[in-house]
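The structure appears right after this line, and notes come after that.
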Amino acid sequence: MKDTGIKIRDILEMKPLENGKLLAGFEGADKVVTRVNVMADPDILNWVDEGEFLLTTGYFFKTTKLEAQLNLIRECSAKNLSGIGIKIFPYLEYLPHELIELANQCQFPLIELDYEVPFTDIMMPVFQGIFDKQSNVIRKVETLHNDTMNVVLKGGGINDILRSLSKSIENPVFLKDYHFEEINSIEDPSETINLALEEHLKTALKASGFTSRMGKTITDKVTIEGREMDRMMVPILVKN
């Protein structure tokens with residue numbers, strides 16, 4: 001998601017939100033926004049997706065009981081929404097402190113919006129930022145595809161493809177061959193971090209029961225030699 005959306009903290013730096021204020025959920029400022037939606041009523045939560053940023057007014061918070069307001073935050077957090085922007089004025093002077101406390105506990109951003117700024121003025125630059133990020137991903141994918149095809153057309157083998165892939169994504173790449181039961185890589189075996197990565201990978205493959213036939217990508221976080229890393233294990237299927 002981080003490559004196809006923009007963070008809450010980046011939205012706060014956009015001109016339409018220059019008078020906005022992050023009221024709660026400060027630790028969630030790095031949540032990624034992939035879509036923007038307007039909340040006319042709570043039923044919208046039946047159709048929202050992960051990463052959505054909701055825009056609303058203080059009318060809902062003025063006309064509903066506190067427990068309903070708290071449930072809204074709980075549901076939004078459970079559905080992994082990125083945050084809510086609220087035009088508090090002129091409906092309310094401030095949000096209930098219980099709401100602020102819950103949002104902080106859930107690390108769910110609540111942003112006070114300038115009531116004079118139309119929702120469309122907020123949505124347009126956010127969507128433009130998201131579009132730019134997604135266009136960048138498409139360009140990267142196209143470059144990666146072309147580089148890989150060039151390697152293949154020149155008669156390159158597995159190691160040449162791994163070398164090209166590793167260069168493109170700027171990360172170590174290991175290939176587990178289930179036919180010959182070996183692991184290919186183009187990493188320098190003299191570097192202790194690469195040895196640790198390979199040994200850790202062997203253990204993880206056994207523990208997860210991961211096979212080439214699973215057909216599902218596994219993403220997790222690992223700590224190796226004191227460094228936290230994101231790891232992806234992707235099945236490569238040829239002729240089923």
Side-chain angles (χ1 to χ4, degrees), residues 1-134 219-221 223 228 230:
M1 288 181 60
K2 66 181 180 181
D3 292 323
T4 56
I6 54 178
K7 296 180 180 179
I8 288 290
R9 66 171 71 253
D10 295 328
I11 289 178
L12 288 168
E13 294 178 0
M14 294 180 173
K15 186 172 179 60
L17 278 87
E18 60 185 0
N19 293 324
K21 182 180 179 182
L22 184 59
L23 301 176
F26 301 94
E27 294 184 15
D30 285 325
K31 287 183 180 292
V32 177
V33 177
T34 56
R35 290 176 60 183
V36 185
N37 212 332
V38 176
M39 189 185 85
D41 59 70
D43 286 343
I44 195 174
L45 295 183
N46 295 322
W47 301 284
V48 294
D49 292 317
E50 179 180 358
E52 284 199 30
F53 178 59
L54 295 183
L55 302 177
T56 189
T57 68
Y59 181 78
F60 167 80
F61 300 92
K62 180 180 180 180
T63 58
T64 58
K65 294 182 179 180
L66 178 60
E67 189 56 33
Q69 300 175 35
L70 297 175
N71 283 334
L72 174 69
I73 301 302
R74 294 188 189 104
E75 288 191 47
C76 288
S77 179
K79 289 178 177 287
N80 291 322
L81 270 64
S82 57
I84 298 180
I86 309 169
K87 289 187 177 183
I88 299 176
F89 184 83
Y91 302 97
L92 297 168
E93 292 186 16
Y94 52 83
L95 294 176
H97 72 273
E98 293 91 344
L99 202 69
I100 300 296
E101 289 179 0
L102 178 61
N104 282 327
Q105 291 173 12
C106 297
Q107 299 181 11
F108 184 76
L110 294 182
I111 300 173
E112 180 177 4
L113 303 175
D114 185 344
Y115 79 98
E116 293 184 342
V117 178
F119 284 156
T120 52
D121 286 2
I122 298 173
M123 297 172 74
M124 288 179 62
V126 174
F127 275 126
Q128 183 62 50
I130 294 171
F131 175 78
D132 290 343
K133 293 276 285 188
Q134 293 178 348
T219 304
D220 59 7
K221 288 184 179 293
T223 301
E228 185 178 73
D230 293 307

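If you're wondering where the values come from, they're calculated on a predicted model, not measured in any experiment.
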Can you name the residues that form a side-chain hydrogen bond (donor to acceptor under 3.5 Å, both in side chains) with K221, not counting sequence neighbours?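 side-chain hydrogen bond (donor to acceptor under 3.5 Å, both in side chains) check on K221 returns D230.
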Quick one: salt bridge (Lys or Arg N to Asp or Glu O under 4.0 Å) partners of E67, sequence neighbours excluded? R74
Residues in salt bridge (Lys or Arg N to Asp or Glu O under 4.0 Å) contact with D10, at least two apart in sequence or another chain: none
Please list all pairs meeting side chain to side chain donor-acceptor pair (under 3.5 Å) that have one or both residues in [range], counting only residues at least two apart or in different chains.
range: residues 123-134; value: Q128-D132
range: residues 75-92; value: none
range: residues 98-114; value: N19-D114, E27-Q107

Sequence-distant partners of [X], side-chain contact (heavy atoms from CB on, under 4.5 Å), two or more places apart:
X: K15; value: E18
X: T56; value: M39, F61, I84, I86
X: T223; value: E228

For Y115, give me all partners under ring pair (Phe, Tyr, Trp, His ring centres under 6.0 Å), at least two apart in sequence or on another chain.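 Scan of Y115 (ring pair (Phe, Tyr, Trp, His ring centres under 6.0 Å), adjacent residues dropped) gives F89.
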Does any non-hydrogen side-chain atom of L22 lie less than 4.5 Å from one of R9? no
Could you list the donor-acceptor pairs under 3.5 angstrom formed by side chains in residues 40-50, with sequence neighbours left out?
unit_1	atom_1	unit_2	atom_2	d
D41	OD1	D43	N	2.9
N46	ND2	D43	O	3.3
D49	OD2	R35	NH1	2.8

